[in-house]
Amino acid sequence: MTSNIRKLPTGFGRLWTAQTVSSLGDGVSHAALPLLALTLTRDPMALAVVTAAGTLPWLLFGVLGGALVDRWDRRRTMWVTDAVRAVLLAIPAAAAALDVLSIPLLAAVAFLLGLGGLFFDTAATAYLPDLLGRDPALLERANSRLRGAQTAASGFAGPPAGSALLALGRAVPLVADAVSFAVSAALVRSLPAAPRPVPQARESLLRQARDGASYVFRDRLLLGLALRPAVGNIAFIAVETVLALFAHDRLGIDTFGFGLLLTAEATGGLLGAGIASFLGRRLGTGTALTCTAAVEGLAILGLAAAPNPYVAGLALAVCGAGMGATMVLGPSLRQAIVPAHLMGRVASTSRMLAMCAAPFGAFLGGWLATTYDVRTPLYTAAGLLLTMTAVTSTMTTNRRVEAALQATAPADDPDHAEPREPVQEGAV
């Protein structure tokens with residue numbers, strides 16, 4: 001991706017700060033919640049229920065949520081959602097303080113937090129191209145900085161802090177995450193207003209949702225970009241479901257060590273986000289995406305075979321690097337080639353495919369660990385990732401990427417531009 005060198009606008013700094021603060025709270029919860037659930041049960045399937053609950057809103061409301069975001073003010077959607085999530089976290093925090101916390105309550109709160117995440121993430125994805133004028137190079141730089149900061153906050157600082165805060169009390173990590181959502185809401189509310197999406201003439205919500213979904217499925221490049229995180233989520237959630245148990249039972253890692261293990265993954269993620277643009281320029285975006293996907297699969301294979309915590313940490317760091325680069329290059333490309341009035345629906349459709357796969361991954365991980373042993377979900381995940389890499393490699397080639405960018409480059413007003421013709425089977 002190339003463009004004239006321009007500075008990121010001032011408003012981006014506030015968006016960056018808001019998402020960084022929120023990511024710090026998420027990192028605290030990411031380490032604390034599995035450990036918190038382990039204080040209530042040792043049943044892998046019960047842990048899988050909590051993990052899966054947070055992804056179910058995407059299965060039930062994913063595409064409709066994107067259609068609503070394409071109708072609503074995107075900035076207002078973000079700050080209201082974060083404010084509501086801050087209040088929601090007071091429920092499990094109070095339950096933990098009163099010693100009445102339970103797996104069903106954690107699952108219910110995870111579901112509602114996931115619903116809020118659906119609206120916030122979709123609105124943020126659609127808002128960023130408006131803020132940056134849909135400049136491809138600026139989008140890569142912005143996503144690299146956002147991903148890097150989010151990885152540092154949720155990976156480096158968050159997990160050790162979550163483990164430490166949990167030692168102070170079961171409610172403390174939840175309160176910390178609630179505060180992060182409140183701060184994020186205040187910062188997002190101060191962002192500059194973006195142009196409202198162009199209304200579609202008398203179209204029903206279901207019709208708009210269907211149009212957004214069909215746009216993804218008819219375009220081989222967008223479909224390839226969507227399939228990778230979909231299959232990847234089956235694999236990664238299967239691993240995440242049993243990771244705390246695997247670390248404790250097979251690697252002998254204690255509570256604080258588990259936070260450090262997650263930090264190792266974040267270290268790689270930070271590196272991957274930082275070098276994503278370089279990889280895209282050096283290899284081409286399509287080839288870079290294929291290489292990072294292969295790295296993720298091989299890294300999970302190494303994690304499954306890890307004989308000690310040090311090898312496991314290295315494997316997670318390599319996996320994190322692949323994921324970090326992928327999560328910069330993929331979204332940046334999508335934001336550059338999708339018309340603005342379809343952005344919410346395309347983003348939510350792609351994310352829905354990924355999130356709908358996650359509950360299956362959670363239950364797959366729990367079932368494999370229960371039926372066989374705790375390493376089996378990791379080996380299965382590695383096989384899925386490597387198979388997915390081979391299947392999608394022809395869908396996201398450099399040639400397809402360049403054709404898509406050239407097709408959208410002449411559009412002066414993306415809000416009113418006609419959608420580009422999806423790339424069909426066999427086309428460039």
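Closest approach of Gly313 and Ala264 over heavy atoms only: O-CB, 3.5 Å.
Arg14 is listed as a side-chain neighbour of Pro192, based on a closest heavy-atom distance under 4.5 Å. Taking 4.5 Å as the limit, every side-chain heavy atom of Leu270 sits out of range of all side-chain heavy atoms of Thr267. Taking the side chain as every heavy atom from C-beta outward, Thr241 and Phe363 never approach each other to under 4.5 Å. In this structure, the side chains of Phe12 and Leu146 come closer than 4.5 Å at one or more pairs of heavy atoms. By the 4.5 Å heavy-atom criterion applied to side chains, Phe236 and Leu385 are counted as neighbours. Annotation: side chain of Leu405 is in contact with side chain of Leu333 (closest heavy-atom distance under 4.5 Å). Residues Leu353 and Phe217 form a side-chain contact, since some pair of their non-hydrogen atoms from C-beta on lies under 4.5 Å apart. Looking only at side-chain heavy atoms (C-beta outward), Phe61 and Leu68 stay at 4.5 Å or farther from each other.
To the nearest 0.5 angstrom, Leu15 atom CG is 5.5 Å from Leu191 atom CG. Here Arg74 contributes atom CZ and Leu128 contributes atom CG; the two are 11.5 Å apart, rounded to the nearest 0.5 Å.
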Pair Leu279-Cys291, side-chain contact (heavy atoms from CB on, under 4.5 Å): steps then yes or no: CA-CA 10 Å; Leu279 291 176; Cys291 290; over 6 Å; no
Ile300/Val239 under side-chain contact (heavy atoms from CB on, under 4.5 Å): CA gap, chis, key distance, verdict: CA-CA 9 Å; Ile300 294 298; Val239 172; 4.2 Å; yes
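Within the structure, side-chain hydrogen bond (donor to acceptor under 3.5 Å, both in side chains) contacts touching residues 287-299 (residues at least two apart or in different chains) are Arg228-Thr290, Thr287-Asn398, Thr292-Thr326, Glu296-Thr326. Residue pairs meeting the salt bridge (Lys or Arg N to Asp or Glu O under 4.0 Å) criterion with at least one partner in residues 83-106, sequence neighbours excluded, are Asp82-Arg85, Asp99-Arg170.
In this structure a side-chain-to-backbone donor-acceptor pair under 3.5 Å is missing from Ser184 to Gln19. Of the possible polar contacts, one joining the Gln335 side chain to the Thr125 backbone as a donor-acceptor pair under 3.5 Å is found. The backbone N or O of Val328 lies less than 3.5 Å from no partner atom in the side chain of Asn143, so there is not a single donor-acceptor pair. At least one donor-acceptor pair closer than 3.5 Å links the side chain of Ser180 to the backbone N or O of Asp177. A distance-only check finds a donor-acceptor pair linking the side chain of Arg345 to the backbone of Gln208 [under 3.5 Å]. The backbone N or O of Met388 lies less than 3.5 Å from a partner atom in the side chain of Thr392, making a donor-acceptor pair.
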Donor-acceptor list for residues 87-95 side chains, cut-off 3.5 Å, not counting sequence neighbours:
none

Name every donor-acceptor pair, under 3.5 Å, that has one atom in a side chain of residues 106-119 and the other anywhere in the protein, sequence neighbours excluded.
none

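Residues satisfying the side-chain contact (heavy atoms from CB on, under 4.5 Å) test with Val183, not counting sequence neighbours, are Val21, Val179, Leu187. Residues satisfying the salt bridge (charged side-chain N to carboxylate O under 4.0 Å, His left out) criterion with Arg210, sequence neighbours excluded, are absent altogether.
Within 6.0 Å of CZ on Arg189 lie no more than 12 heavy atoms contributed by other residues, nucleotides or ligands.
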